[in-house]
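Every chain is numbered from 1 and lettered A, B, ... according to where its sequence line falls, protein lines coming before strand lines.
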Amino acid sequence: MADTDQKQRKTLDERNQMSDLERLRHSTAHVMATAISKLWPDAQFAYGPPTEQGFYYDVDMGHRITPDDFEKIEAEMKKVVKENQPFEKMVVSRDEALTLAKKGRLAALSDRDVESTFKIDLLEEIPEDEEISIYKNGDFWDLCAGPHVPRTGNCKAFKVMSVASAFYKGDANNPQLQRVYGTAFKNKTELGEHLEQLEEAKLRDHRKIGKELNLFLIDEAVGQGLVLWKPKGAILRQQLLDFILEHLNRQGYSQVVTPHIGKLDLFRTSGHYPYYAESQFPPLAEREVLKGLAEEGRSCGDLMQQLESGETTGFLLRPMNCPHHIRIYQSDHHSYRDLPVRLAEFGTVYRWEQSGELGGMTRVRGFTQDDAHIFCTEDQLKDEIMGCLELVKIVLETLGMEDYRVRVGLRDPDSTKYVGEPEQWDKAEEALREAASSLGKDFAEEPGEAAFYGPKIDFVVKDAIGREWQLGTVQVDYNLPERFGLEYVGKDNASHRPVMIHRAPFGSLERFVGVLIEHFAGKFPTWLSPEQVRILPISEKFVEAADEVHKVLRDEGVRVKVDDTNEKVGAKIRLAQLERIPYMLIIGAKEQESNQVSVRHRDRGDVGAVGVDEFKNQVVAEIRSRSL
RNA sequence: GCUCUUGUAGCUCAGGGGUAGAGCACUUCCUUGGUAAGGAAGAGGUCACGGGUUCAAAUCCCGUCAAGAGCUCCA
């Protein structure tokens, strides 16, 4: 990670552009550091920047901060705020700063027996020509480029939020520090609003809703990061598959079906093994091989070595679908007239994610991509990319997900790690750029973010807690066609190499549904709802009438149930509301006589009585059009 | 993988060195009720797992597994 320093250190320009809120938060971080220093004088501080949600300060000290300490810290902070200390900037020479740091005076309230270790390190990172400043508030002095608010009294509304650990400078080889997170706002009202928003976000969390609505399960007995889709979740998933399938057919894709494992040699050819072995499930060795090794008294290490060297063979749970699709492409002779060949599959892949990274449906070890591989000529590349983006656009628009970010990953001009010819890259990057701009949405070009095998476009959305997740992706690949020696016969009757595009509009079904649950807070549009209509007879006397309506709707393919439990309507409604069922139909004496149903919508409430057929037509139309 | 926190009934959680509690859900009965909870009775738990300390462990200690937050990673 050569650019760690750049990531951590903001330039002076960036600092001067700090917004008022960022400035306030950064100052509050100092106030917090002051408080922590008072409570635990051995505290050694590292970085303490503002963030999107607030601020943090990294600290190393003997005491382990727990949530029980937050109140104590806040109380000390309040004292500092009450004293209304001015933030004073003092420009010093490098030597002066170093002298203070050696005395342990930086990020501290007084001289100490120990040096301000991190600050000495930070000092070395400041370029020669840059001004070195120390900010003081009361007795707390800290090496800091600023800027700050005028006085500690300006930090009126704050809260210590959480504590976690972080590696110094984000390097896993460095010591771990305690990162104390806090947030700050102009005033108490805004702080209150923010905290309320966080509470609301928790209610949207897909893990919570997934459990409440019985959508999916991650079971210890099955394994970490392995999602079990329960019946209701499976309906949701199937609806999404049907939806995308319609559009795939329209765009001329061919569906294929391939197994979840393949020979190690296949992935050796593709380059996935052993290069990415540490992020895959361990290979499966053949029984005979294991037996043979055991008889020879050989170790697991020997086995691994043999598998890696290719001396013995085995199978791999596939980390990607492409090799299988490539083999399908290669099983036929292709003329330029056949291209583009578009092979699509809802393909399940397995990756060994680090255990600490797993979470809900958004980061898992087995997932299904709505994958496809397009084999085309250079000239077709642009149109094909456009087609892929069109698909992503349809998906996001149909689901009303407007809040996404488009990231175009380009190659790093200074690096030589990329495969393929520079002219090809230029062409592909230009095609991606053009395609991206056709979306009519801002996109970020990020040099150095391309994969080694080609440039890409990613669609990124945020979850309930504000974390960003990559969903859809379109990637150009020059590598695999080369490695597998893909060919087609051109007009000139000579053999040519096709270009490949990997693309997945949803990305992974698991992650997509996780994000979707949070997007809708469980209130899925009718076409996606596991149960679309629930019929609520007023009493058992009307169950028969309810059953008749049930039949009418079910025959139209509506997912409908009758609540024939021995409860009052109030209770039935409550239950249906909690299950976020879009439509509730109430049937009593009135409705039975007039062949009507009283319609209640989960958001609009009681919308009055309509004829059974009228309701049927309306709800069927709503489902067919996939209305939001 | 690392640091911290957590793990008690199907769910949400209380309790806490002397072999378990609430609400919801579930079962049965009564009730047949018009837009977010009708009533009664009942059933349900090796207190994540494995060790240790103790006369006694769900409770204290250690380890394992899992979850959450963050860091690192993500072809």
Could you state the atom-to-atom distance from CZ of Phe452(A) to P of rA75(B) in whole Å? 10 Å
What contact category does Glu278(A) fall into here, base, sugar-phosphate, or nothing, at under 4.0 angstrom with non-hydrogen atoms? nothing
Would you mind telling me which of rG38(B), rA66(B), rG1(B) lies closest to the side-chain atoms of Gln224(A)? rA66(B)
Remember a base hit wins even if backbone is also touched, and classify Tyr275(A) as base, sugar-phosphate or nothing at under 4.0 Å, heavy atoms. nothing
Under 4.0 angstrom between Lys211(A) side-chain N/O and rU12(B) OP1 or OP2: yes
Ile501(A) CD1 to rA75(B) P, in whole Å, measures 19 Å
Contact class for Gln577(A) (heavy atom, under 4.0 Å): base, sugar-phosphate, or nothing? base
Which is true for Arg363(A) with a 4.0 Å heavy-atom rule: it touches a base, it touches only sugar-phosphate, or it touches nothing? base
Rounded to whole Å, please give me the gap between CG in Asp205(A) and P in rG68(B). 9 Å
Side-chain donor/acceptor contact of Gln176(A) with base of rC71(B) under 3.5 Å: no
Is the distance from OP1 or OP2 of rA75(B) to the nearest side-chain N or O of Arg351(A) less than 4.0 Å? no
Gap in Å between the two P atoms, one belonging to rA48(B) and one to rA14(B), rounded: 14 Å
When the distance from CD1 of Ile218(A) to P of rG7(B) is rounded to whole Å, what number comes out? 20 Å
Centroid-to-centroid, Phe118(A) to Phe45(A), below 6.0 Å? no
At less than 3.5 Å, do the side-chain atoms of Glu591(A) and the base atoms of rG34(B) form a donor-acceptor pair? yes
Ring pair (Phe, Tyr, Trp, His ring centres under 6.0 Å) between His502(A) and Tyr453(A), intermediate numbers included: CA-CA 11 Å; His502(A) 309 247; Tyr453(A) 52 75; 5.7 Å; yes
Side chain Ser162(A) and base rG70(B) donor-acceptor under 3.5 Å: no
Would you mind classifying the nucleic acid contact of Met584(A) as base, sugar-phosphate or nothing, using non-hydrogen atoms under 4.0 angstrom? nothing
Under a 4.0 Å N-O cut-off, is there an ion pair linking Arg365(A) with Glu353(A)? no
Any idea which of rG38(B), rC65(B), rG34(B) is nearest the Glu567(A) side chain? rG38(B)
Respond yes when some side-chain nitrogen or oxygen of Arg467(A) is under 4.0 Å from OP1 or OP2 of rA69(B), and no when none is. yes
Would you mind reading off the distance between Arg365(A) atom CZ and rA66(B) atom C1', rounded to a whole angstrom? 12 Å
Rounded to whole angstrom units, what separation is found between the CG atom of Asn566(A) and the C1' atom of rA41(B)? 15 Å
Using the six-membered ring of Phe55(A), assess whether NZ or CZ of Arg25(A) lies under 6.0 Å from its centre and within 45 degrees of the ring axis. no
Provide the full list of ring pair (Phe, Tyr, Trp, His ring centres under 6.0 Å) pairs with a residue in residues 261-280 of chain A, sequence neighbours left out, each pair given once. none
In whole angstroms, the gap separating P of rU35(B) from CZ of Arg574(A) amounts to 16 Å
